[in-house]
Amino acid sequence: MIGFLVAGLIIGALARLIKPGKQNLGILATLGLGLVGSLIGGLIASALGTGSIWELNVLGFVLAVIAAVLLIGVAEAVAGKDRGRARV
């Protein structure tokens, strides 16, 4: 379990480095997006027949980083919409 959390943090950090621009995400948001990205990447890699979702493999790791980058983009878009609204 601790390895899964560390992998999620690394994947989230890599995704933030790859994604251009400044992201207003804290460490917990980075960890969460990295964990979700690693689950998505692991599921896709598993569906492609590279092994179990819980095994560490190169394709799963690459797909996890790509999924995390996409999730950061979605998080920025959602946060941007909230910032654009006038608060009363």
Side-chain angles (χ1 to χ4, degrees):
M1 183 68 175
I2 291 175
F4 191 65
L5 292 174
V6 170
L9 188 57
I10 291 170
I11 289 167
L14 282 173
R16 285 185 66 178
L17 288 173
I18 293 170
K19 179 86 172 81
K22 183 180 185 311
Q23 298 90 26
N24 292 323
L25 299 173
I27 189 82
L28 290 177
T30 300
L31 175 64
L33 291 173
L35 288 173
V36 174
S38 66
L39 281 173
I40 293 170
L43 284 171
I44 294 171
S46 177
L48 293 174
T50 62
S52 171
I53 185 174
W54 305 110
E55 292 176 2
L56 181 62
N57 58 51
V58 175
L59 181 62
F61 188 81
V62 170
L63 290 172
V65 172
I66 291 169
V69 168
L70 294 173
L71 287 171
I72 288 173
V74 170
E76 285 179 329
V78 170
K81 286 181 185 176
D82 289 340
R83 278 188 249 145
R85 293 183 184 165
R87 294 187 180 161
V88 180

Checklist entry - To the nearest 0.5 Å, what is the distance between CG (L71) and CD1 (I11)? => result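 Here the interatomic distance stands at 11.5 Å.
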
Checklist entry - So how far is it from L9 CG to L33 CG, rounded to the nearest 0.5 Å? => result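 If I round to the nearest 0.5 Å, the distance is 11.5 Å.
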
Next on the checklist: Looking at every non-hydrogen atom in both residues, tell me the closest pair between A15 and I72 and how far apart they are.
Outcome noted: CB-CD1, 3.7 Å

Item to check | Any pair counted as side chain to side chain donor-acceptor pair (under 3.5 Å), so long as it reaches residues 4-15, sequence neighbours left out | outcome: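 Found none.
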
Item to check | Any pair counted as side chain to side chain donor-acceptor pair (under 3.5 Å), so long as it reaches residues 10-21, sequence neighbours left out | outcome: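 Output for this query lists R16-T30, K19-E76.
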
Tabulate below the donor-acceptor pairs under 3.5 Å that side-chain atoms of residues 37-44 make, not counting sequence neighbours, or state none.
{"unit_1": "S38", "atom_1": "OG", "unit_2": "G34", "atom_2": "O", "d": "3.3"}
{"unit_1": "S38", "atom_1": "OG", "unit_2": "L35", "atom_2": "O", "d": "2.7"}

Kindly list each side-chain donor-acceptor pair under 3.5 angstrom involving residues 58-66, sequence neighbours excluded, with atom names and distances?
none

Checklist entry - Is there a path from L70 to I18 through hydrophobic residues (I, L, V, M, F, W, Y) whose side chains come within less than 4.5 Å of each other? => result no

